[in-house]
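Structure record follows, encoded as structure tokens.
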Amino acid sequence: MYTDEYFQIEQMNNQLINSQRALMKSNKKLQSLLAEIRQASNAIAILEQDDLTALYSASAFYRRVEKCIQEHPDQVYDIIALDIERFKLVNEIYGRVSGDRMLKSLALTHILNTLREDGFLSKWMISVPESLRFPWLLKCLSIF
């Protein structure tokens, strides 16, 4: 003969099993959502970068700088726009492959190595905190 206590324990055990099943189901949903978020994040990262140089696109650069300025309104930044005059001539004389190689080298080797973690770099502009202003700028300009 079973007592009321036994039935209560059995009922609690069934509730526990049902809760575990619901938790496992929710956990699978969360894992699926996390995978989707990672895929979306990777897609966004790809869209924010220039294919050739892997630098931020202009729109991604503006968004990141805007966010940084909102988070640190008292920080002073310099925005530096770089333009390689008559770069089209490089492509015409040496070919597009050489021109692309030059842009990659410029972006990856020189500029990215001189830019510290608290600056932003896009294909078109650089944002540098005031504290890095002159040493960084001189080092960067020395490569041209």
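Residues: numbered from 1 along the sequence shown. Because the structure is predicted, anything quoted here is derived from the model rather than measured.
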Study note, to complete from the structure: The reported gap from OG in Ser32 to CD1 in Ile37 (rounded to nearest 0.5 angstrom) is 10.0 Å
Exercise for review: Without swapping roles, check the side chain of Asn18 against the backbone of Asn14 for a donor-acceptor pair under 3.5 Å.
Suggested key: yes
Check your understanding: Which one of Asn91, Val97, Val90 satisfies the side chain to side chain contact (heavy atoms under 4.5 Å, CB included) criterion with Tyr94?
Key -> Val90
Exercise for review: Sort and list the pairs that fulfil salt bridge (Lys or Arg N to Asp or Glu O under 4.0 Å) and have at least one residue in residues 22-49, not counting sequence neighbours.
Suggested key: Glu48-Arg63, Glu48-Arg64
Check your understanding: Atom CD of Gln39 and atom CG of Leu34: how far apart are they, to the nearest 0.5 Å?
Key -> 10.5 Å
Practice item. With rounding to the nearest 0.5 Å, note down the distance linking CD1 in Ile9 to OG1 in Thr3. Key: 7.5 Å
Review point. Taking Ser26 for the side chain and Ala22 for the main chain, is one N or O donor matched with an acceptor at less than 3.5 Å?
Key: yes
**Study point:** Residue Glu5 excluded, over 12 heavy atoms near CD under 6.0 Å
**Key:** no
Review point. Any salt bridge (Lys or Arg N to Asp or Glu O under 4.0 Å) pairs touching residues 91-101, not counting sequence neighbours?
Key: Lys88-Glu92, Arg96-Asp100
Point to revise | Asp4, CG atom: more than 12 neighbouring heavy atoms under 6.0 Å | key: no
